[in-house]
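What follows is a short report on a single structure.
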Amino acid sequence: MTPTPASPPEILRAPLVVEFPFTRSLGPVQSAFLTGLRERTVLGVRTEAGDVLVPPVEYDPATAAELRELVEVGATGTVTTWAWNPEPRTGQPLATPFAWVLVRLDGADTALLHALDAPGPEAVRTGLRVRIRWAAERSGAITDIACFEPYESAPTADPTADPATGSTAGSTAGSTAGSTDGSATGSAAGSTAGPTAVPATTTAPHTGEFTDPVTGIVAHARLDYTYSPGRAQTRYLHALSERRTVGERCPSCAKVYVPPRGACPTCGIATTDQVEVGPRGTVTTYCIVNIKAKNLAIEVPYVYAHIALDGAGLALHGRIAGIPYDQVRMGLRVEPVWSEDGRYPDHYRPTGEPDAEYDTYKEML
């Protein structure tokens, strides 16, 4: 009788999200830039060499000198390079396919990264003239620029000009003053007819002062992906569902890796010998967490520790509970408290045993 081959192990997959809302305060330059966007004004900063950087930075990238000379640049610009995005992800500027573009705004010497709303890649090219499409609701963030859109014109000499007409409030007044009957039919040097076609570009000095300036932002960094643990970690996860912790031993150095990695990173040899460890272990080092994480129902302060399970060759991470945070210490003996569904240790608590001697865990610090 021919033996039936063993079924391959189930391939585990799970969607995972790594998200971190980063809160930062703004200095005078970044504050002016973002507040300006709220007011439909784009500001750059002039370097010691005379270049205008957009977005602005607080220190000269060439000399490290502090930069404070703010200038206003145009809301129109030129695409310097681009890449088509056929499948936008959640949280990106547009829900339909679009181009990522670097746009050098009129009056700037550097390019700004943003989205270009275009019907297809055939409508995008280097050198394409574009203009800002402002968000309907603005709060003082880069998203106040909803996106860029194609706009066929030459660079404008006046960064405050309206890109829809190519004229300014001053040009209209100049036209009226230049007529003989007070109508708007006369002309003046400051007036234009349609989009401007002035070859040179200039910038306008700006104080950077606004009412109710933006002083801080929250940047949401997020990564969505599908995780497949591989054979070694699949066996580890299946064992956890049975309330067991299983590592793998290196056949050369005999170190037991928990969680297993499938190979010994020191010896470069595959690890297939499974070893059950724990469930008890020793705190090797720890930290006290004082900042509450978003969507985490754990009150601060609490302790997160490295725990060397009995029989393991290195420590794993775990939360310590069941003891005041200021009584956690190196050498504390702990045991797992399993989650309600019994699939993993929710945290570790003291066993009541005497603390482990330092020499028993010093190699795992």
Side-chain angles (χ1 to χ4, degrees), residues 29-30 32-34 36-47 49-57 60-62 67 69-86 88 92-94 96-135 138 141-168 170-171 190-206:
V29 173
Q30 296 295 327
F33 174 67
L34 293 180
L37 295 184
R38 188 189 66 196
E39 305 302 324
R40 295 176 46 142
T41 299
V42 185
L43 298 181
V45 68
R46 193 180 302 279
T47 68
D51 294 331
V52 175
L53 309 183
V54 179
V57 295
D60 193 312
L67 301 178
E69 185 183 349
L70 296 171
V71 294
E72 182 177 353
V73 299
T76 56
T78 303
V79 172
T80 63
T81 189
W82 61 279
W84 188 251
N85 181 11
Q92 291 187 335
L94 298 172
T96 55
F98 65 90
W100 288 112
V101 289
L102 284 173
V103 177
R104 186 171 58 244
L105 294 173
D106 297 341
D109 294 295
T110 57
L112 173 73
L113 174 66
H114 217 293
L116 173 67
D117 188 4
E122 67 283 350
V124 188
R125 65 183 185 277
T126 298
L128 179 68
R129 293 287 295 161
V130 295
R131 65 182 174 187
I132 292 174
R133 180 190 299 167
W134 295 103
R138 299 178 300 280
I142 191 62
T143 49
D144 291 350
I145 299 177
C147 63
F148 283 86
E149 58 189 14
Y151 172 65
E152 293 300 337
S153 75
T156 176
D158 187 348
T160 64
D162 183 352
T165 64
S167 64
T168 68
S171 69
S191 65
T192 60
T196 184
V198 180
T201 58
T202 61
T203 56
H206 199 286

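Heavy-atom basis, side chains included; hydrogens, waters and symmetry copies ignored. Keep in mind that this is a model prediction, so the values were computed, not measured.
Minimum interatomic distance between D144 and W134 (heavy atoms only, all atoms of both residues): O-CE3, 3.5 Å. Of all heavy-atom pairs spanning P56 and G44, the tightest one is CB-C, 4.0 Å. Considering every non-hydrogen atom in both W82 and P121, the closest pair reads CH2-O, 3.7 Å. Residues F98 and P93 share a closest heavy-atom pair of CZ-CD, 4.1 Å. P55 and A111 get closest at one heavy-atom pair: CD-O, 4.2 Å. Residues L67 and R46 share a closest heavy-atom pair of CD2-O, 3.7 Å.
Take D109 and apply the side chain to side chain donor-acceptor pair (under 3.5 Å) test, not counting sequence neighbours, and it matches no residue.
Annotation: side chain of T41 is in contact with side chain of E72 (closest heavy-atom distance under 4.5 Å).
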message = Before you tell me yes or no, could you show the steps for F148 and D117 under side chain to side chain contact (heavy atoms under 4.5 Å, CB included), namely the whole-Å CA-CA distance, both residues' side-chain angles and the distance that decides it to 0.1 Å?
response = CA-CA 6 Å; F148 283 86; D117 188 4; over 6 Å; no
ask   = Between T47 and L53, is a side chain to side chain contact (heavy atoms under 4.5 Å, CB included) present by the stated rule, with each step listed?
value = CA-CA 7 Å; T47 68; L53 309 183; 3.6 Å; yes
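With H206 contributing its side chain and L43 its backbone, the two residues share no donor-acceptor pair below 3.5 Å.
Taking a cutoff of 4.0 Å between a charged side-chain nitrogen and a carboxylate oxygen, R131 and D106 do not qualify as a salt bridge.
With V42 as reference, I132 is the one residue of I132, L112, V71 to meet the side-chain contact (heavy atoms from CB on, under 4.5 Å) rule.
Residue R133 qualifies as enclosed at atom CZ: its count of foreign heavy atoms under 6.0 Å is above 12.
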